[in-house]
Each structure stands twice: as C-alpha cells, then as structure tokens.
Amino acid sequence: MKLPYSKSLLIIPTYNEIDNIEKMLSTLESLYQELNILIIDDGSPDGTADIVKKHQETNQRLHLIQRTGKLGLGTAYITGFKWALDRDFEFVFEMDCDFSHDPKDIPILLEAAQSNDLIIGSRYINGIRIINWPFRRLLLSYCASLYTRIITGIKILDVTGGFKCFNRSALESLNLDRVFSNGYSFQVELNYKIWSKGLRVKEVPIIFTERRDGQSKMSGGIVREAIFAVIMLRIRRIFGTLH
Ligand SMILES: Nc1nc2c(ncn2[C@@H]2O[C@H](COP(=O)(O)OP(=O)(O)OP(=O)(O)O)[C@@H](O)[C@H]2O)c(=O)[nH]1
Ligand SMILES: [Mg+2]
C-alpha cells in the first residue's frame, strides 16, 4: 500500500535537543523523502534551531517555527495543528525528538490512520513495552492511565502517550482555542474530546525507549496538574461544556 507521506505533517516540539536533532532529521530524511516535518522550537539556548536551519537548505519539506521561550508542549502542538489546518495536510503526527518514539513506526500509524480518525502509538496494548524506565516511572504512568480510565470511562489503554496521528477531521473536531491542558494531561484531553465525539480512535503497539541523550523535562507539578485535569474533563462532560 502506498502511504500518503506528501499529505502528512510530522510535528516535533523541541527544547534543548542538540544531542538528538541532527540524528533525528537525518533519519527522517533518509526514511521518508516525501514526509513534511514541522519543528516547533522554544528558543532552545543550546542552538537546536540552528541545526534545523542547516537542514532546511537541502530539505524543502522541513519547516521551523521558533517561539521565544519555553511555553510548554501543549501550546507547541496547538500552534503546529493550526499551521497544519491552514495548509492542506490530511494526516498530522505528534512525535518526540528524543528517540523514545521510533521513527520507523511512522508507517504503522499512517496505515492505521487510513481507516481511523486518531491513532495512538500504544505502550500498553498486547503487554507492556517500555525500555529503560525505572519501575517508579512505569508505575506512575500505568496508574495515570488506569486513573484516567476509571474517572472518564475512556476505552484507551495508553491515554498519555505522545506518538500519535490525527486525520484532518479529528483536528477539525477540536476547538483548538479551548484546550486547557498544557502538560502531561494535554494528550488525555485531546483523546477524551475526540473519543467523546464518537470519532474512531485506535491504538497500535509501539516500543517506547527512554531517552538516552539530552535532558528530561518531567516535574512534580505536571503530575498534580494531570490529576486535577482528568476530573475537570469528566465534570465538563457531565455538564455538557466539553468543547
Ligand atoms: N517546543 C517545546 N518542546 C518541548 C517542551 N518541553 C518538552 N519539549 C519537547 O517535547 C518532547 C518530549 O519531551 P521530553 O522531555 O522527552 O518529555 P518526557 O518524554 O516526558 O520526558 P523524558 O523523555 O524523560 O525527558 C521532546 O522532543 C522535547 O524536546 C516545551 O516547553 N516546548
Ligand atoms: Mg522523552
């Protein structure tokens, strides 16, 4: 099956990814010549954006949006989604820059997106596939998924995963100016809104590998925001204000 790479946009938010960006762009360019890429860099002090600009000299399908400071993953993706909807992309991906998500899995998501609205690269279907996470972090992530399923009733096993593919209808169904989460619960909010509208959501198995290079951005505040945000989502749905 020939997959529509030229109609697809891969969004990668970056903050201080100097250890990964060169390898990531080279990998993507050699695997998928027709794939469009949008990097949203939040003024990384380490010069991540300079590497992107260097690649732009030879890659017309590579785009860069530079924001002035670290404004968070959620708003980076919202910016990217709007950029995609202003152009005629049919499939829009979320992916991290740190190789936790394997770029080789892109075709698996894109193929599944041909008959679904939202594809989630899932760590938790058909067993658990996470490499190099301390047990504490695995437990936290798994409990976060379980907690979300119990509170919201959503039938998705990996609700917090960040390797995803939306089709245009899924993105158009969201009111992008009314997404209120920015941190860990951002993925949950998008999944819940799309699922609540009755759109087709599918999980495909991926292997997730903890970052080897560069620095992590996890913090306790993100976890607290998530616990609260999930309850808010349920309450908004009950009162019919989930837009
Ligand atoms: N533009 C932008 N990108 C960000 C921001 N925070 C994180 N990122 C990027 O988002 C992706 C995921 O962030 P990570 O730091 O890997 O977050 P994580 O996977 O939860 O944590 P670790 O992998 O353990 O570091 C990476 O490509 C980061 O560079 C931000 O505030 N703005
Ligand atoms: Mg990561």
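Side chains included, hydrogens not; waters and symmetry mates left out as well; all remaining heavy atoms used. Both counts, for ligands and for their atoms, begin at 1 and track the order of listing.
- Applying the 4.0 Å criterion to heavy atoms of Cys97 picks out, from ligand 1, the atoms 26 (C), 27 (O).
- How far CG of Leu25 is from SG of Cys97: 7.0 Å, rounded to the nearest 0.5 Å.
- Under a cut-off of 6.0 angstrom, the local environment of CG in Asp88 is sparse, with at most 12 non-hydrogen atoms contributed by other residues, nucleotides or ligands.
- Listed for the Glu203 side chain is a donor-acceptor partner under 3.5 Å among the backbone atoms of Asp158.
- Distances between N or O atoms of Gly72 and those of ligand 1 include at least one value under 3.5 Å.
- When Glu210, Glu94, Lys70 are ranked by how near their heavy atoms come to atom 5 (C) of ligand 1, first place goes to Lys70.
- Contact atoms of ligand 1 toward Asp42: 1 (N), 2 (C), 30 (C), 31 (O), 32 (N) (distance under 4.0 Å to a heavy atom of the residue).
- For a threshold of 3.5 Å applied to N or O pairs, the pair formed by Ile40 and ligand 1 contains at least one separation below that value.
- Between Phe186 and Phe81, the angle of the ring planes stays under 30°, which puts this pair in the parallel group of the 30/60° scheme.
- Remark: side-chain polar atoms of Asn116 are not paired, donor with acceptor, to backbone N or O of Ile119 under 3.5 angstrom.
- Counting atoms of ligand 1 from 1 in the listed order, those under 4.0 Å from a heavy atom of Leu73 are 4 (C), 7 (C), 8 (N), 9 (C), 10 (O), 11 (C), 30 (C), 31 (O).
- Residue Gln66 does not touch ligand 1, judged by heavy-atom distances below 4.0 Å.
- Cation-pi geometry between Arg236 and Phe180 is met: the NZ or CZ atom falls under 6.0 Å from the ring centre, inside 45° of the normal.
- Listed by atom number, the atoms of ligand 1 under 4.0 Å from Asp98 heavy atoms are 16 (O), 23 (O).
- With 2.8 Å as the limit, Asp98 counts as an N, O or S neighbour of the Mg ion (ligand 2).
- Of the polar atoms of Ser100, none of the N or O atoms is found under 3.5 Å from an N or O of ligand 1, judged by distance alone.
- Within the 4.5 Å cutoff, side-chain heavy atoms of Val52 are placed close to those of Leu62.
- A donor-acceptor contact under 3.5 angstrom links the side chains of Ser185 and Glu225, judged on distance only.
- Comparing His101, Arg137, Met24, Arg67 by heavy-atom distance to atom 21 (O) of ligand 1, the nearest is Arg137.
- Interface of Glu17 with ligand 1, defined as ligand atoms under 4.0 Å from a residue heavy atom, comprises 26 (C), 27 (O), 28 (C), 29 (O).
- Side chains of Tyr124 and Ser141: a donor on one and an acceptor on the other come within 3.5 Å.
- Counting atoms of ligand 1 from 1 in the listed order, those under 4.0 Å from a heavy atom of Arg211 are 14 (P), 15 (O), 16 (O), 22 (P), 23 (O), 25 (O).
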